[in-house]
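The block underneath contains the structure these notes are about, expressed in structure tokens.
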Amino acid sequence: MDYEGQKLAELIFYIIILTFGCIGWVIGYFQEDFTVVFQAWLAGVVLSVILCVPDWPFYNRHPIKWLESVPDRRQHAKSS
Amino acid sequence: MHTVWVRLNAVVFFGLTVLLGLSCMAALSKVGHTLRQRPVVKKLEMRKFRSLKSHGGVDRALLSFDLDVDLTPAFHWNIKQLFVYVVAIYETNGRYNQVVLWDKIVEAGDSKVLKEKNTFIKYPLVDKRGGELRGKEVTLQLQWDHMPITGLLHMDKQPLDTSSKFVLPTEYQ
């Protein structure tokens, strides 16, 4: 995963887990049932693991541009 | 975030932190609930007195009781279960003793109305210090612990002015 991809992955799981958790909490509050909150939270975590942990292609759209390799100085010194 | 394991760690532990926050908010949302909603004990009294004997140097009384209480008001979404127990209170030399005679765990999914009829006590009424039980006036009080999903345990009990009393015989029977 490149740097932009890592940033995107972190943003995605922050949003998913917080959203599922908060919506689940509100529904659970009115249903008077904490298991609703727990299930919504668990769904959020599972979805986040699926979307953010494997190295999907859309996380590699900004590959790092490495510099050209420097010629080996010792080889140069030996040969010259 | 550069390897699968680092990302997995980040997701899981962020998830657990959010769960902790949701649990604390649920606990806070029910602060003060028990002040407003209290179960009422409709009946808790001795039904049949069985015996009062001296066993190995300690006085021991056995009896059965009736109980009628609806515990529904004590429950809310942050309560996992209630631990309910019947306490016998009697006085020795100006100080009060409390002895648990019977208990029950009431989970959130169980029936919350307890109707015990002529139920025998689980634990004998014993004065462990070898004190006298003969002739004592005993008050029966229902007490219960609220065991939350998240948070501290707290107790509540039946007001003493609604509790029933009985007097143990003055001779062993």
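Basis for what follows: all heavy atoms, side chains included, without hydrogens, waters or symmetry-related copies. From a predicted model like this one, the values you see are computed outputs, not experimental measurements. Chain letters run A, B, ... following the sequence lines, proteins first and then strands; every chain starts at 1.
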Query raised in the report: Does a sphere of radius 6.0 Å around CZ in B/F13 hold more than 12 heavy atoms from other residues, nucleotides or ligands, not counting ones at 6.0 Å or beyond?
Result: no
Requested in this report: Establish whether B/L28 and B/L35 are linked, either directly or via other cluster members, by ILVMFWY side-chain heavy-atom contacts under 4.5 Å.
Outcome: no
Query raised in the report: What do you reckon, is CE of B/M46 surrounded by more than 12 foreign heavy atoms closer than 6.0 Å?
Result: yes
Requested in this report: Might you point out which heavy atoms bring A/V45 and B/G15 nearest each other, and give the distance in Å?
Outcome: CG2-CA, 4.1 Å
Query raised in the report: Testing A/V46, A/L47, A/V49 for side chain to side chain contact (heavy atoms under 4.5 Å, CB included) with B/V11, which one passes?
Result: A/V49
Query raised in the report: If you count the non-hydrogen atoms of other residues, nucleotides and ligands that lie under 6.0 Å from CD1 in A/I64, is the total more than 12?
Result: yes
Query raised in the report: What's the shortest heavy-atom distance between A/F34 and B/L22, and which atoms?
Result: CE1-O, 4.1 Å
Query raised in the report: Is there a path of hydrophobic side-chain contacts, each under 4.5 Å between heavy atoms of I, L, V, M, F, W or Y residues, that connects B/F83 with B/V87?
Result: yes
Query - pair B/L19-A/F38: side-chain heavy atoms closer than 4.5 Å - result: yes
Query raised in the report: Honestly curious: do B/V100 and B/V84 fall in one hydrophobic cluster under the side-chain, below-4.5 Å linking rule?
Result: no
Query raised in the report: Between A/C22, A/G44, A/G28, which residue shows the highest count of heavy-atom pairs closer than 4.5 Å to chain B?
Result: A/G28
Report task. Check the hydrophobic clustering (I, L, V, M, F, W, Y; side-chain heavy atoms under 4.5 Å; chains of links allowed) and say if B/V58 and B/L62 are grouped together. Result -> no
Query raised in the report: Hey, mind stepping through B/F14 and A/L18 against side chain to side chain contact (heavy atoms under 4.5 Å, CB included) and telling me if it holds?
Result: CA-CA 10 Å; B/F14 179 72; A/L18 283 170; 3.9 Å; yes
Query raised in the report: Between CG of B/L8 and SG of A/C52, what distance do you get to the nearest 0.5 Å?
Result: 11.0 Å
Query raised in the report: With hydrophobic residues grouped by side-chain heavy-atom distances under 4.5 Å, do B/L71 and B/M147 end up in a single group?
Result: no
Atom pairs, donor to acceptor, chain A/chain B, distance under 3.5 Å:
{"residue": "A/W25", "atom": "NE1", "partner": "B/L22", "partner atom": "O", "Å": "3.1"}
{"residue": "A/W41", "atom": "NE1", "partner": "B/G15", "partner atom": "O", "Å": "2.6"}
{"residue": "A/V53", "atom": "O", "partner": "B/R7", "partner atom": "NE", "Å": "2.8"}
{"residue": "A/V53", "atom": "O", "partner": "B/R7", "partner atom": "NH2", "Å": "2.9"}

